[in-house]
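We number each residue from 1, following the sequence as shown. Just so you know, ligand 1 is whichever comes first in the structure, and atom 1 is the first atom listed for that ligand.
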Amino acid sequence: MDKLVNALKIAFASEFSFYLKAHNFHWNVEGIHFAELHDLFGNIYEEVYASIDPFAENIRKLNAYTPASYGRFSMLSQIDDEAQILPPEAMLSELLSDSDKMTKLLKLTFDIATAAGEDGLANFLAERMDAHRKHSWMLRATLK
Ligand SMILES: [Fe+2]
């Protein structure tokens with residue numbers, strides 16, 4: 001169960017960091033395609049943000065405490081922080097690479113949850129994977 005709790009905390013901290021980066025790009029994107037990219041990043045951060053509370057509560061359901069500070073998030077997250085203001089194409093490709101990374105991380109956590117017989121949690125993680133597959137599609141299609 002410790003293995004599952006640790007994996008879930010890493011996936012959660014990474015998801016929160018991904019959410020923050022999508023919101024950052026929604027705020028700070030510039031250029032001729034501003035309106036479309038502002039909306040694209042807006043749709044992504046809203047979808048991911050809606051998953052944050054149930055994600056955290058899944059950690060509590062395993063009788064563990066949820067990480068909830070920037071210090072803990074940066075310790076646990078697999079998604080690198082972005083402090084620079086990037087050009088629009090770099091925002092798209094960085095968020096695409098992060099979304100693909102999230103899909104892989106969620107799949108690893110899904111496998112651990114499945115092996116532990118935590119089917120409800122596995123179902124939640126499968127839905128998160130599917131959501132990231134969709135975000136990756138939208139980002140990849142926009143980059144072409
Ligand atoms: Fe906004």
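None of L37, D39, N43 except one satisfies the side chain to side chain contact (heavy atoms under 4.5 Å, CB included) rule with F41; the exception is L37.
In the hydrophobic clustering of this structure, F18 groups with L143; members are Ile, Leu, Val, Met, Phe, Trp, Tyr whose side-chain heavy atoms approach within less than 4.5 Å, directly or through other members.
Every residue meeting the side-chain contact (heavy atoms from CB on, under 4.5 Å) condition with Y65, not counting sequence neighbours, appears here in chain and number order: R60.
Within the sub-2.8 Å shell of the Fe ion (ligand 1), the protein contributes these N/O/S atoms: H26 NE2.
Inspection of the N24 and K21 side chains reveals no N or O donor paired with an N or O acceptor under 3.5 Å.
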*Derivation and outcome, side-chain contact (heavy atoms from CB on, under 4.5 Å), residues E30 and F34*: CA-CA 5 Å; E30 290 178 322; F34 167 80; 5.6 Å; no
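Ion pairing between D111 and K107 holds under the 4.0 Å rule for side-chain N and carboxylate O.
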